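Since the structure is predicted, the reported quantities are computational estimates derived from the model, not experimental observations.
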Amino acid sequence: MIDAAEVARLKALMEWEGQRTGPPKAFPKLPDMPAARYTSDKYYALEQEHIFRKSWLFAGHIDEIPEPGCYMRWHNAGDPIILVHGMDGAVRAFYNTCRHRGAPVVTQDKGKSPRLMCGYHNWTYKTDGSLVGVPERQDFAEDFDMSCRGLIPVRCEMLGNIIFVNFDDDAMPLDRWLGPLLDEWDEFAFDKVRLAARYSFDLNCNWKVAMEANMEVYHVPFIHPETVAPLVDAKRNYNTMYPNGHARMLAPAPNDTDREHVRAVDSPPEWQEIETVGELGRTCTQSYTLFPNWVSPLSNYFVPPLVFWPTSLTTTRLELVTMALDWGDGPAPDLWTVPDATKPKGRDMSPIILEDTQFGEAIQQSMQSSAFRSVPLSYQEARIYSFHQSCDKMIGIDNVPQDLRVEQVIGEDWVWPNDPRREEVRDQLTGAREAAE
């Protein structure tokens, strides 16, 4: 929970952002980013090897495996995984690969069983991954040790009801990865929200092209004049960079916005309110980037992440997820999709998402041109530049070819809890008071 003093400071900083006539005095000049970060097979391979193998990744919600014995397949990050709600109540993840001859242990997307049995030769595992059944055991060597041949585990931890996985056995725990977000997100009842909707759509562009449309509000007046612009003041937006590559955008609605319109969009009457959410979650748009591929506004009605999964250098699977408090007998809330009988899943992306994704394929094609040489970013797009710095850090800067690196110009003095803008605002307020006296 953000305390009252910090809320007041953040409100003052948003107002200051709306009044400034240039970037903050201490903000570094952002060098152009190499264009090939969006088109290079070499950089894409580095992302796959390091970023998506070493980061904590959103995998699912406990509602998808609600009871002991429930399991689901998950393969958004390459290797096939099984998420299992163990008979002992623990949630675990394993590679979906039998330790005999590599067949998948489960072949259904979801199921429920006290045992997991590979259909090829019926090797059988408990829900804790241990191997307990091998047909014709007598034909294997006498020293064949079943205790060493359980399913290979994948790091798996939970934030409330949400399941995260990490392929790196040496990765820091999830709570350390989240850092200050763990406290800031406490008010949003991650331990109470249920999974209301989860749909995926394929996009013909690099995952960063798709994701970065949700990491700045510079585009809002031009792409979203009727949908987002009435909800988000593109001038009074204040961005915070956090450790481990995470970030937050905080912005109030424009002063001339019809408050009834805001309530109709952000506070649907049929949704249950998360009463623990504080002032900023009720009155502002706050959108968090959880490195590497989750972007989500958080409010007193929903936790709705957009999750961007690279499926190739030039294609992305976008997951649109809505989590909310229990909706009882009413329709399940869904912030990001709408009914459409003409689509294979019977759903289509909402107008806001369609607006954000409409140019992705054309942008990717244009990026392939020799005219796309570098990417200049403004102060308003600092979240994007900082994100790219974090990508290179996760890969290992020395592993990134010189012509593909971004310069590490946003230093620790701009990463939470540090922020030179706070001192600039204090100086400005002090000067105004002295002038008034």
Side-chain angles (χ1 to χ4, degrees), residues 45-159 161-177 292-293 309-311 317 394 396:
L46 290 170
E47 292 173 340
Q48 292 298 298
E49 179 183 356
H50 297 281
I51 295 174
F52 285 91
R53 304 297 295 188
K54 299 177 183 177
S55 303
W56 283 100
L57 306 172
F58 166 73
H61 189 284
I62 193 63
D63 282 354
E64 296 174 285
I65 48 171
E67 300 173 349
C70 290
Y71 62 84
M72 65 179 284
R73 295 194 302 176
W74 185 83
H75 43 75
N76 282 336
D79 287 344
I81 301 298
I82 323 168
L83 303 177
V84 183
H85 192 152
M87 299 305 292
D88 59 357
V91 173
R92 299 178 177 89
F94 303 100
Y95 288 95
N96 187 19
T97 304
C98 183
R99 297 299 303 280
H100 180 210
R101 286 167 58 188
V105 177
V106 300
T107 55
Q108 295 177 308
D109 285 338
K110 291 185 180 181
K112 183 179 181 182
S113 174
R115 295 285 189 268
L116 303 173
M117 187 171 69
C118 174
Y120 194 8
H121 297 94
N122 282 22
W123 280 36
T124 303
Y125 304 85
K126 293 173 64 175
T127 55
D128 64 3
S130 57
L131 178 63
V132 293
V134 174
E136 308 297 339
R137 168 69 181 79
Q138 72 278 3
D139 287 337
F140 286 82
E142 288 186 10
D143 60 354
F144 180 83
D145 187 355
M146 291 173 56
S147 69
C148 298
R149 299 182 185 273
L151 295 175
I152 302 296
V154 176
R155 290 279 298 279
C156 181
E157 296 186 22
M158 297 186 68
L159 173 64
N161 289 333
I162 302 174
I163 305 165
F164 287 86
V165 298
N166 193 318
F167 292 97
D168 183 2
D169 291 338
D170 297 321
M172 67 179 72
L174 178 61
D175 58 354
R176 279 184 52 206
W177 176 255
N293 65 332
W309 299 104
T311 50
R317 179 166 297 116
M394 181 64 76

> Between atom CH2 of Trp74 and atom CG of Asp79, what is the distance when rounded to the nearest 0.5 Å?
Replying inline: 9.5 Å

>> For Asp88 and Lys126: C-alpha separation, side-chain torsions, deciding distance, then whether salt bridge (charged side-chain N to carboxylate O under 4.0 Å, His left out) applies.
In response: CA-CA 10 Å; Asp88 59 357; Lys126 293 173 64 175; over 6 Å; no

>> Which heavy atom of Ile162 sits nearest to which heavy atom of His61, and what is that distance?
In response: CG1-CD2, 4.4 Å

> Within a strict 4.5 Å, meaning less than it, do heavy atoms of the Leu159 and Leu174 side chains meet?
Replying inline: yes

> How far does NE2 of His100 sit from CZ of Phe140, to the nearest 0.5 angstrom?
Replying inline: 4.5 Å

> Hey, does the side chain of Arg155 reach the backbone of Ala171 with a donor-acceptor pair shorter than 3.5 angstrom?
Replying inline: yes

> Between Gln48 and Arg53, what is the shortest heavy-atom contact and its length?
Replying inline: O-CG, 3.0 Å

> Looking only at heavy atoms, which two atoms of Cys118 and Ala103 are closest? And how far apart?
Replying inline: SG-CB, 3.7 Å

> Looking only at atom types and distance, does a side-chain atom of Ser113 sit under 3.5 Å from a main-chain N or O of Arg115, one as donor and one as acceptor?
Replying inline: yes

> Hey, what do you get for CG (Leu83) to CD1 (Ile62), rounding to the nearest 0.5 Å?
Replying inline: 9.5 Å

>> Testing the basics here: between Ala77 and Phe167, what is the closest heavy-atom pair and its distance to 0.1 Å?
In response: CB-CE1, 3.7 Å

>> Working to the nearest 0.5 angstrom, can you tell me the gap between Phe58 CZ and Asn76 CG?
In response: 9.0 Å

>> Given 3.5 Å as the limit, does a donor-acceptor pair link the side chain of Asn96 with the main chain of Val105, or not?
In response: yes

> How long is the gap from CD1 on Ile82 to OG1 on Thr127, to the nearest 0.5 Å?
Replying inline: 11.0 Å

> Side-chain contact, heavy-atom cut-off 4.5 Å: Ser55 with Met394?
Replying inline: yes

> To the nearest 0.5 Å, how far apart are OH in Tyr95 and CD1 in Ile81?
Replying inline: 5.5 Å

>> A side-chain contact here means heavy atoms from C-beta on lying under 4.5 Å apart; do Tyr120 and Cys98 qualify?
In response: no

> Can you tell me if His85 uses its side chain to pair, donor with acceptor, with the backbone of Ile65 under 3.5 Å?
Replying inline: yes

> Among Lys110, Lys112, Gln108, which one satisfies side chain to side chain donor-acceptor pair (under 3.5 Å) with Tyr71?
Replying inline: Gln108

> Backbone N or O of Leu151 within a donor-acceptor pair of the Arg99 side chain at under 3.5 Å?
Replying inline: no

>> If I compare all heavy atoms of Cys156 with all of Arg92, which pair ends up nearest, and what's the gap?
In response: SG-C, 4.0 Å

> Under 3.5 Å, is there a donor-acceptor pair between the side chain of Trp56 and the main chain of Met172?
Replying inline: yes

>> Which heavy atom of Glu64 sits nearest to which heavy atom of Pro66, and what is that distance?
In response: C-CD, 3.5 Å

>> If we ignore hydrogens and angles and just use 3.5 Å, is the side chain of Thr124 paired with the main-chain N or O of Asn122 as donor and acceptor?
In response: yes

>> Is it the case that the side chain of Glu49 and the backbone of Leu46 share a donor-acceptor pair, with hydrogens and angles ignored and the cut-off at 3.5 Å?
In response: no

